[in-house]
Amino acid sequence: MMNAIEGMFQQLARMEWTDYLDIVIVAYLIYRVFPLVRTTGTSRIAKAIISILVVAWLANLLELYAFGFIINQFLQIGLIALVILFQPELRRMLEHLGNMKVHKFFSPEKADQEMAAIVSQTVAACEVLSRERIGALIVFARDNRLDEYIKTGTKIEAQVSEQLIRNIFFPKASLHDGAMIIRDGRMTAAGCVLPLSSSERLSADLGTRHRAGVGMSEASDAVVVIVSEETGTISVAVSGMLKRHLAPQTLERLLTNELCPEETTTQEKPWTLLANKVKKVAKKKEEQKK
């Protein structure tokens, strides 16, 4: 045990600053790509790949030659098979990457100073809509820009306010049936058409509005707020998961956690801590060489 620990420290001592930089870059890329794999669709791809690799390893370990031969043949055409079987999920994942802003992918996320006020206005509007049993579907765009869905509605480009949200979803308003999309702190469009979820896990009593909200959260990284017209209950869909029967206080806390990341001054990000550690190690090694 001691020999293994000593060997590990010797290996660390031989590492150059470029080795630490390499580790930081790979870790950061994994950190940014992992949320894509967590979504309902793409998680199926990851599970399928891991299952095949585990089966192949067990076949080799147990010396199951005939079964191992079949698995190896399958692995040779596995990429084509995955593209065919998981074409919708792969398309969504590529859409995520294609719609992401490059500077956001390679730079830390910054908290939007206006988002806290927007969340507050949205919660106040949803509380009234819930009490009056008026249906609503509000989409908060994040890295995914949702341009293809904004085109299906009417562009607004207005400041988000409780009164405007309530007016748009008023039953006699022309845009009340579609979804409202909020992007970059602005009410970008309303009356938008969203993709419906085909998940079998959803309750049979959920209507089109809830299925559209879940479908939007499956197809993108958006946070979707749904107010039921029949019951007045408030729900939130994130990454294909639906959280129902939320109180206004719970809704505000959930939206704040999802849309208002903590400032780096109050809590350093993991990559910041790792980068600082690398700088200290590199500086120490340079001093030792001198």
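Quick caveat, the model's predicted, so the values are computed rather than measured. Note: hydrogens, waters and symmetry copies are ignored here, and every other heavy atom, side chains too, is used.
- Under the 3.5 Å distance criterion, the side-chain polar atoms of Ser197 are left unmatched by any main-chain donor or acceptor of Gly215.
- Side-chain atoms of Ile134 and Glu229, non-hydrogen and from C-beta on, never get closer than 4.5 Å to each other.
- A 4.5 Å side-chain heavy-atom check between Val223 and Arg142 finds at least one atom pair inside the cut-off.
- Ser239 contributes no side-chain N or O that, together with a main-chain N or O of Met241, makes up a donor-acceptor pair within less than 3.5 Å.
- Salt bridge status for Asp221 with Arg145: absent, with no side-chain N to carboxylate O gap under 4.0 Å.
- Linking ILVMFWY residues whenever their side-chain heavy atoms come closer than 4.5 Å, directly or via other members, places Val160 and Leu175 in the same cluster.
- Of the charged side-chain nitrogens involved, at least one lies within less than 4.0 Å of a carboxylate oxygen, so that Arg183 and Asp147 count as a salt-bridged pair.
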**Request:** Show the numbers, then the answer: is there a side chain to side chain contact (heavy atoms under 4.5 Å, CB included) between Thr250 and Arg253?
**Result:** CA-CA 5 Å; Thr250 307; Arg253 184 166 59 252; 3.8 Å; yes
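- Looking at heavy atoms from C-beta onward, Arg209 lies out of side-chain contact with Ser228 at the 4.5 angstrom threshold.
- Put simply, the side chain of His176 gets close to the backbone of Pro171: a donor and an acceptor are under 3.5 Å apart.
- A continuous path of Ile, Leu, Val, Met, Phe, Trp and Tyr side chains, each step under 4.5 Å between heavy atoms, connects Leu164 with Ile138, placing both in one hydrophobic cluster.
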**Message:** I'd like to know whether Ser203 forms a side chain to side chain contact (heavy atoms under 4.5 Å, CB included) with Arg244, so could you lay out the CA-CA distance, the side-chain angles of the two residues, the decisive distance to 0.1 Å, and finally the verdict.
**Reply:** CA-CA 11 Å; Ser203 176; Arg244 305 176 65 186; 4.1 Å; yes
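- When the options Leu146, Leu137, Leu196 are evaluated for a side chain to side chain contact (heavy atoms under 4.5 Å, CB included) with Met216, the one that passes is Leu146.
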**Asked** Should Met187 and Gln159 be marked as a side chain to side chain contact (heavy atoms under 4.5 Å, CB included) after you check the CA-CA gap, both sets of side-chain angles, and the distance that decides it?
**Response** CA-CA 6 Å; Met187 189 182 294; Gln159 182 177 354; over 6 Å; no
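- Distance check: Leu259 CG to Phe140 CZ gives 6.0 Å after rounding to the nearest 0.5 Å.
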**Message:** Between Val236 and Ile226, does the side chain to side chain contact (heavy atoms under 4.5 Å, CB included) criterion hold? Intermediate values first, please.
**Reply:** CA-CA 6 Å; Val236 172; Ile226 309 117; over 6 Å; no
Tell me which donor-acceptor pairs under 3.5 Å the side chains of residues 119-127 have, and how far apart each pair is, sequence neighbours excluded?
from   : atom 1 : to     : atom 2 : distance (Å)
Gln121 : OE1    : Glu162 : N      : 2.8
Thr122 : OG1    : Ile118 : O      : 2.8

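- Counted by atom type alone, Thr231 and Thr233 present one or more donor-acceptor pairs between their side chains at under 3.5 Å.
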